[in-house]
Amino acid sequence: QVQLAESGGGLVQPGGSLRLSCAASGFTQVRYAIGWFRQAPGKEREGVSCISVSDGATYYSDSVKGRVAISRENAKNTVYLQMNSLKPEDTAVYYCALTYRATIVQSRCAPGWYDYWGQGTQVTVSS
């Protein structure tokens, strides 16, 4: 079965940077997409960034565009989310997720398209 292991969260000051990692295992198809999503207390889960692992196409939400970069390291089956210029409103639990059916990430980077989820990692941006 698919397993997603997230790491890299923590406490960072406004303007700081973090790199989140998502290591995937147990996938049964070559073509899949990995997405990063976040959920703040009392708010709905929202898409942050998604990447098609097979072709490298990426999507960024308007709220993070220009501050976030998603990338993949295929040899490690790992997707990274580099976050820079972090703001307090970026505070949330960040989840990575995998889908086989929504590899057109530019239009399908939304929680409903993703079927396998990690446990989440807390990102807190505060001074």
Side-chain angles (χ1 to χ4, degrees):
Q1 59 184 5
V2 173
Q3 292 186 331
L4 302 171
E6 299 151 302
S7 62
L11 175 65
V12 64
Q13 294 182 343
S17 299
L18 284 174
R19 188 179 74 162
L20 307 183
S21 299
C22 176
S25 63
F27 46 86
T28 57
Q29 299 182 32
V30 175
R31 298 186 72 255
Y32 60 92
I34 294 286
W36 283 100
F37 304 85
R38 67 186 183 186
Q39 187 165 21
K43 297 183 178 179
E44 295 183 352
R45 191 168 299 183
E46 63 177 354
V48 177
S49 181
C50 293
I51 185 168
S52 174
V53 174
S54 56
D55 64 23
T58 58
Y59 165 86
Y60 299 96
S61 68
D62 290 340
S63 63
V64 303
K65 190 173 296 182
R67 302 187 296 118
V68 166
I70 192 169
S71 62
R72 72 195 196 278
E73 188 170 354
N74 289 345
K76 296 182 178 180
N77 296 322
T78 299
V79 170
Y80 303 98
L81 187 71
Q82 178 68 46
M83 302 190 293
N84 303 316
S85 301
L86 286 164
K87 306 174 181 179
E89 50 263 46
D90 294 318
T91 296
V93 177
Y94 283 70
Y95 300 88
C96 68
L98 182 149
T99 181
Y100 296 127
R101 58 188 175 93
T103 55
I104 306 174
V105 296
Q106 293 88 345
S107 61
R108 297 178 180 179
C109 189
W113 287 104
Y114 284 74
D115 304 301
Y116 306 95
W117 293 81
Q119 79 286 355
T121 183
Q122 177 71 47
V123 171
T124 302
V125 184
S126 176
S127 60

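This chain uses plain numbering: 1 for the first residue, then up along the sequence.
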Quick one: does [X]'s side chain get under 4.5 Å of [Y]'s, heavy atoms only?
X: R101; Y: W113; value: yes
X: I34; Y: L4; value: yes
X: L20; Y: M83; value: yes
X: V68; Y: W36; value: no
X: W117; Y: R45; value: yes
X: F27; Y: Y116; value: no

| query | Would you say E44 has more than 12 foreign heavy atoms packed within less than 6.0 Å of its CD? | reply |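 Count not over threshold, so no.
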| said: Surrounding CD of E89 (heavy atoms of other residues, nucleotides or ligands, distance under 6.0 Å), is the total greater than 12? | reply: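 Buried by this count: over 12 neighbours within 6.0 Å.
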| task | Decide whether S61 and S63 meet the rule of one side-chain donor and one side-chain acceptor closer than 3.5 Å. | result |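 Per modelled atom types, S61 and S63 side chains form a pair under 3.5 Å.
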Starting at [atom1] of [X], measure out to [atom2] of [Y] and round the result to the nearest 0.5 Å.
X: S25; Y: Q1; atom1: OG; atom2: CD; value: 9.0 Å
X: S85; Y: R67; atom1: OG; atom2: CZ; value: 7.0 Å
X: Q82; Y: S49; atom1: CD; atom2: OG; value: 12.0 Å
X: T121; Y: L81; atom1: OG1; atom2: CG; value: 11.0 Å
X: T99; Y: R31; atom1: OG1; atom2: CZ; value: 11.0 Å
X: R19; Y: S71; atom1: CZ; atom2: OG; value: 7.0 Å

| message | Between D62 and K65, does any side-chain N to carboxylate O distance fall below 4.0 Å? | response |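 Salt bridge: yes.
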| Does the ring center of Y114 lie less than 6.0 Å from the ring center of Y95? |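 Ring centroids of Y114 and Y95 are no less than 6.0 Å from each other.
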| Are L11 and Q122 close enough, and set up right, to give a side-chain contact (heavy atoms from CB on, under 4.5 Å), and what steps lead you there? | CA-CA 8 Å; L11 175 65; Q122 177 71 47; over 6 Å; no
| query | Between Y80 and E73, does a side-chain hydrogen bond (donor to acceptor under 3.5 Å, both in side chains) hold up when you go through it step by step? | reply | CA-CA 8 Å; Y80 303 98; E73 188 170 354; 2.7 Å; yes
| request: Given side-chain contact (heavy atoms from CB on, under 4.5 Å), test C50 with F37 step by step and report yes or no. | output: CA-CA 9 Å; C50 293; F37 304 85; 4.1 Å; yes
